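Working notes for the structure below.
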Number of protein chains: 2
Amino acid sequence: MRISARTQYALGAMLALAVADSPVHAEKIAVTQDIPRRFCDNILLQLRRAGLIRSQRGPDGGYWLARPPGEIALADVIRVTEGAEQALRPFSPAAAPLAEIWDRLRSQEDALLSEITLADVIASRDRHQDRDRSSGNGQDVPSDAGRGMS
Amino acid sequence: MRISARTQYALGAMLALAVADSPVHAEKIAVTQDIPRRFCDNILLQLRRAGLIRSQRGPDGGYWLARPPGEIALADVIRVTEGAEQALRPFSPAAAPLAEIWDRLRSQEDALLSEITLADVIASRDRHQDRDRSSGNGQDVPSDAGRGMS
DNA sequence: TATCATTCCTACTATTCAAGTAGGAATAAT
DNA sequence: ATTATTCCTACTTGAATAGTAGGAATGATA
Ligand code: FES
Ligand code: FES
């Protein structure tokens, strides 16, 4: 799969919401995540339509996650922003067996991205901030990390 | 990684060479693999420069594999045609931990594609042609398949 | 009720990248 | 010489991504 700027931005925005404990303005997200202001609006809208986030208009409005960070997988976000990848063009019969391989690649990738949640990413980041407390330190990102929003 | 038409074509061409037992014209490859004629030239040239195939000019010329099909992994071909994927743009600090994940994705993918050789693909194709001879049939593509060129 | 800050929506422009083409030079067989 | 092929650079085109524009709808506050 392609990792577009849009996807990168969307994940950044989702992470920003995951660590906040109250609604966040698009403006703030745009600034802290370094996303072009108008583009940020655009992406947040898409995420809301997909049901990943909720929103409130007017002053004192903003965005927040629809579910706790531990229940949102990276794949959930990516599927939205990358949309349905257009089927790759027909194969010459001779190259047909390659299709099976592309399928394997995709499932492999999907498996990984479906297992990692926003909470995992945040936990991993926090672990990297206080560098190596123990010697044989954090390898795996545990899937049971953050549940609440703070 | 992206599976471009170019990559698809290149793999088709390599497979065509893998099953041939003497030099093959670009023309023939283009026809049998359904590759636009001129584009085919273009791709073959790139493959030759990368050292994956050899060539001979003039009438009675053509292309052939530089190594036996069992020693050419799909990754070898793909790395050539996809080129050095341009580094994805800088992350906002907040989204930095994602970089690690992209890396994991890439290695996972590279591992799979490095294990499968042209010979494996051909063997798999042949196995699919005579449909299910035994009941619990071929799951894995053995890596020790064809060695010679026929 | 007026005002203001925000989200929401459609549609547009610009930039980049992949796909494919063009024209011919170099080489080798006959 | 002629002809069939590979070889090489550069160009054109099409599609997709990235980002922008303009304003309508909503909701808080006074
Ligand atoms: S990155 Fe998605 S299949 Fe390779
Ligand atoms: S297809 Fe290569 S990393 Fe996703």
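Note that this is a predicted model, so its numbers are computed, not measured. Every chain is numbered from 1, with letters handed out A, B, ... down the list of sequences.
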Return the nearest nucleotide to the side chain of A:Ser4; candidates are D:dC7, C:dC8, D:dT17.
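Nearest listed nucleotide: D:dT17.
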B:Thr7 (side chain) donor-acceptor with B:Ile3 (main chain) under 3.5 angstrom
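No, B:Thr7 side chain to B:Ile3 backbone: no donor-acceptor pair under 3.5 Å.
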Taking A:Thr32 for the side chain and A:Lys28 for the main chain, is one N or O donor matched with an acceptor at less than 3.5 Å?
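Yes; at least one donor-acceptor contact below 3.5 Å.
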Measure [atom1]/[X] against [atom2]/[N] and give the value in whole Å, please.
X       : N      : atom1 : atom2 : answer
A:Arg48 : C:dT7  : CZ    : P     : 12 Å
B:His25 : C:dA29 : NE2   : P     : 12 Å
A:Arg2  : C:dC17 : CZ    : P     : 9 Å
A:Asp41 : C:dT7  : CG    : P     : 6 Å
B:Leu44 : C:dG20 : CG    : P     : 15 Å
A:Arg6  : C:dT16 : CZ    : C1'   : 16 Å

Partner residues of A:Arg79 under the salt bridge (Lys or Arg N to Asp or Glu O under 4.0 Å) criterion, sequence neighbours left out:
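Testing A:Arg79 for salt bridge (Lys or Arg N to Asp or Glu O under 4.0 Å), a comparison that skips the adjacent residues, returns A:Asp76, A:Asp110.
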Is there a residue in residues 27-39 of chain A whose heavy atoms reach under 4.0 Å of DNA chain C, and which residues are they?
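Result for residues 27-39 of chain A: A:Arg37, sorted by number.
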We want to know whether B:Thr81 and B:Gln46 form a side-chain donor-acceptor pair, criterion being a heavy-atom distance below 3.5 angstrom.
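Absent: no donor and acceptor within the cut-off.
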N/O contacts under 3.5 Å, protein versus nucleotides 24-27 of chain D?
unit_1	atom_1	unit_2	atom_2	d
D:dA25	N3	A:Arg57	NH1	3.4
D:dT26	O4'	A:Arg57	NE	3.3

For the CG atom of B:Leu105 and the CD atom of B:Glu100, what is their distance to the nearest 0.5 Å?
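Rounded to the nearest 0.5 Å, the CG-CD separation comes out at 11.0 Å.
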N/O to N/O distances under 3.5 Å, protein versus nucleotides 9-13 of chain D:
unit_1	atom_1	unit_2	atom_2	d
D:dT9	OP2	B:Arg49	NH2	3.1

Joint hydrophobic cluster, A:Ile35 plus A:Val80, side-chain heavy atoms closer than 4.5 Å:
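Result: yes, single cluster for both.
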Which of these passes side chain to side chain contact (heavy atoms under 4.5 Å, CB included) with A:Ile29: A:Val24, A:Asp34, A:Ile43?
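When A:Val24, A:Asp34, A:Ile43 are each tested with A:Ile29, the side chain to side chain contact (heavy atoms under 4.5 Å, CB included) holds only for A:Val24.
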Tell me which pairs pass salt bridge (charged side-chain N to carboxylate O under 4.0 Å, His left out) where either residue lies in residues 38-58 of chain B, with sequence neighbours left out.
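Passing the test, one end in residues 38-58 of chain B: B:Arg37-B:Asp41.
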Test side-chain contact (heavy atoms from CB on, under 4.5 Å) on B:Trp102 and A:Gln8; report intermediate values, then the result.
CA-CA 11 Å; B:Trp102 306 153; A:Gln8 193 97 275; 3.0 Å; yes
Determine to 10° how strongly the helix from C:dT1-D:dA30 to C:dT30-D:dA1 is bent, judged from the axes of its five-pair ends.
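The helix from C:dT1-D:dA30 to C:dT30-D:dA1 shows an end-to-end axis angle of 0°.
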